[in-house]
S.K.: 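Sending over a structure as structure tokens; questions will come in a sec.
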Amino acid sequence: MKNWNDTKSIRKDFPILERKIDGKPLIYFDNAATSQKPVQVINALTNYYENYNSNIHRGLHTMSEEATLAYEGTREKIARFIDAPSEREVIFTRNATEAINIVVESWGKHNIGAGDEIVITSMEHHSNFVPWQKLCEDKGARLVYIEIGADGNLDYAMAERLITNKTKIVAVTQMSNVMGTVVDLKILGKLARLNGAKFLVDGAQGVPHLPTSVREIDCDFLVFSMHKMLGPTGVGVLWGKEELLDLMPPMLYGGDMISSVTREKTTVNELPWKFEAGTPNIADVIASGAAIDYLQNLGMQNVRAHELELTRYAMDAMLKLPSMKIYGPQNPELKGGVISFNYEGIHPHDMGQILNESGIAIRAGHHCCQPLMKTLGVMGTARASFYIYNTIEEIDFFVDALIKAEKVLNYVACR
Amino acid sequence: MSLVDDLYRETILDHYHNPRNRGTIDDATVSTEGVNPLCGDELRLFLKIEDGVVSDIKLESRGCSINTASGSMMSELVLGKSLADAKAVISEFKNMMLNKGEDITLSEDLEELEALQGVKKYPVRIKCALLPWNTLDEGLKNK
Ligand SMILES: Cc1ncc(COP(=O)(O)O)c(C=O)c1O
């Protein structure tokens, strides 16, 4: 169990937090883009390459067996982590984006037709938006948006109107990567179920920060990226209900995804391997197992509690500044540790640049959510996002730097 | 060197806080739009070209300081210039921003633009500085 004082010991596990930016200690508030990696994950990578690097699922030698065991071990850990009934339902991809594309290609292309509707929200990441838009274009289907209300929350009354028997799939984010808005998946899942639609959850932001159970959500697909949850880049997960995945054809063909090949005919391998053609990202999948262990040890309830505390503290402090605008829900309980803001008319680019001078890494721009930026009526926002190793002291420093930013840019105007 | 020396020099902040030639032109002979795909910043540029001379120029944008200041300086420098002279200014500026070596000295009447040279130390921001110029370049194509 973690308590507040443990943040210090957590920080010791992250070598990069020792980094200085122009002589100033790094404050990493860009966790929604990608998280930092603990030494346990980095060691898992080097241990694989130094001690048992080999291909999986084919060799009979010791190292290949060890590698296969470790690779498949991560699959089991992930299945437990998201409360999946079976590890056969866990498919490794390159990232969340690829996982969504597999669903679009292998399920969407065969199940969506002219006049059908796909329901998403106006706050989707381009990843859970562009593939569906393209599918609709190709098939003559219609893409329908659930809007966000003035309070930054999803308009559930609108969801109820928009999800109908024409809806074939509801594809929504678990948490907005811009505003942190946490979506009530149970409501949407029920609406999808009632109307015979499938339900896909983009967990790229949710799974790293919130306890997540696919059984509780009762979704059909869940996708996420390990790099946003302490893991290395290059590993994503597609989880799907076994009976659905069984019916879906593979997206890529080649080695590993087959069970037998003759000159005349190839038999497709069983789940999950039928979706994993070719040599996979063995090292990064193995290291992802260490990331899952790390989060599991902390407990996702504790991760959430820590981030909620940081978010509440940061929002309170930020809103004391005049002309501070924070987008999305104003109640931290309704959002994750993601704060999108604009301050004193300072363009997010300038804000990002000036904060960098103080060693603070935030993100500035449209965050791959251009439709949402239109809805919010802005070109972009500055975004600070937290994780397990961030502290109250860092937030104090950040708020001071915001005040300084204003001074840098008003330097001429003030004289 | 610091952010204030390199990026937020006085000239730049002055143009940022008081951008010249803001707005639109109803009877523009040319209007073009530019987008910085990195951040989504958009820019609309209006030109009135009469007898081969840029007789009016207006910009509409909600860009960052660099983008705004660069556009503001540009508008002052091409206003009243012949098309050939305007194009020469564009190429001189672009050359300065894209040149990877030593700082470049510009012709005397363009001196003010040298303030933007510090932006080169922040590679992602070069696009911000170039956006108005690329948009103008586009607008003057085939002219
Ligand atoms: C909500 C959301 N969905 C999807 C993605 C895409 O993740 P990846 O780039 O790892 O595929 C992101 C990443 O920023 C995200 O925030």
Side-chain angles (χ1 to χ4, degrees), chain A residues 21-24 30 33 125-126 129-130 178 325 327 340 342-383 401-402 404-415, chain B residues 1-20 22 33-45 59-73 97 112 115-132 135:
Chain A
I21 305 292
D22 272 344
K24 295 174 196 93
D30 195 17
H125 189 279
H126 291 167
F129 165 74
V130 181
V178 175
K325 166 100 182 128
Y327 300 93
S340 257
N342 274 315
Y343 178 51
E344 280 285 354
I346 299 179
H347 189 282
H349 256 177
D350 292 315
M351 182 59 86
Q353 193 96 61
I354 296 169
L355 291 180
N356 183 58
E357 282 286 289
S358 303
I360 302 169
I362 61 152
R363 176 89 182 262
H366 55 57
H367 316 291
C368 298
C369 289
Q370 284 182 306
L372 176 61
M373 294 296 124
K374 278 251 150 55
T375 306
L376 296 176
V378 295
M379 289 293 187
T381 68
R383 180 187 74 185
L402 287 177
K404 232 167 62 192
E406 182 205 345
K407 296 224 172 80
V408 171
L409 276 189
N410 286 334
Y411 160 66
V412 167
C414 291
R415 278 188 318 167
Chain B
M1 284 306 230
S2 75
L3 202 58
V4 172
D5 296 327
D6 294 334
L7 215 49
Y8 300 123
R9 294 185 192 176
E10 211 173 310
T11 327
I12 293 180
L13 289 179
D14 175 40
H15 278 272
Y16 170 53
H17 289 298
N18 312 293
R20 329 291 198 259
R22 289 253 113 180
E33 286 179 25
V35 184
N36 183 347
L38 222 64
C39 58
D41 274 355
E42 292 166 358
L43 176 96
R44 292 206 299 158
L45 172 81
L59 289 140
E60 202 179 43
S61 80
R62 285 191 292 167
C64 65
S65 58
I66 303 304
N67 173 348
T68 306
S70 181
S72 170
M73 290 184 200
M97 292 307 290
E112 195 181 43
L116 285 163
Q117 201 141 223
V119 175
K120 292 201 302 197
K121 294 203 181 127
Y122 303 85
V124 272
R125 304 298 292 278
I126 294 176
K127 281 210 169 67
C128 309
L130 284 177
L131 180 63
T135 312

S.K.: For B:Arg62 versus A:Gly377, what's the shortest heavy-atom pair and its separation?
M.R.: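 Shortest heavy-atom contact: NH1-O, 3.5 Å.
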
S.K.: Does NZ belonging to B:Lys120 count more than 12 external heavy atoms closer than 6.0 Å?
M.R.: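 For B:Lys120, atom NZ is crowded (more than 12 foreign heavy atoms under 6.0 Å).
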
S.K.: Locate the shortest heavy-atom distance separating A:His349 from B:Arg125; write the atom from each residue and the value.
M.R.: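 Looks like O-NH1, 3.6 Å.
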
S.K.: Highest number of heavy-atom pairs under 4.5 Å with chain B: which of A:His367, A:Met351, A:His347?
M.R.: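 Most pairs with chain B among the choices: A:His347.
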
S.K.: Go through the atoms of B:Leu7 and report whether side chain, backbone, both or neither lie under 4.5 Å from a heavy atom of chain A.
M.R.: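 The side chain, not the backbone.
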
S.K.: Could you work out, with side-chain contact (heavy atoms from CB on, under 4.5 Å) as the rule, every residue matching B:Ser70, not counting sequence neighbours?
M.R.: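 Testing B:Ser70 for side-chain contact (heavy atoms from CB on, under 4.5 Å), a comparison that skips the adjacent residues, returns B:Phe93, B:Leu116, B:Ala129, B:Pro132, B:Trp133.
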
S.K.: Could you pull out all residues at least two apart from A:Ala364 that satisfy side-chain contact (heavy atoms from CB on, under 4.5 Å)?
M.R.: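 Partners of A:Ala364 by the side-chain contact (heavy atoms from CB on, under 4.5 Å) criterion, ordered by chain and then number, come out as A:Pro348.
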
S.K.: Between A:Ile346 and chain B, which part of the residue has a heavy atom less than 4.5 Å away: side chain, backbone, both or neither?
M.R.: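 For A:Ile346, the contact with chain B is made by the backbone alone.
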
S.K.: I need the B:Tyr16 OH to A:Asp350 CG distance, nearest 0.5 Å.
M.R.: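 Going from the OH atom of B:Tyr16 to the CG atom of A:Asp350 covers 5.5 Å.
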
S.K.: List the atom of B:Leu13, the atom of A:Val408, and the distance in Å for their closest heavy-atom pair.
M.R.: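 Minimum heavy-atom separation between B:Leu13 and A:Val408: CD1-O, 3.5 Å.
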
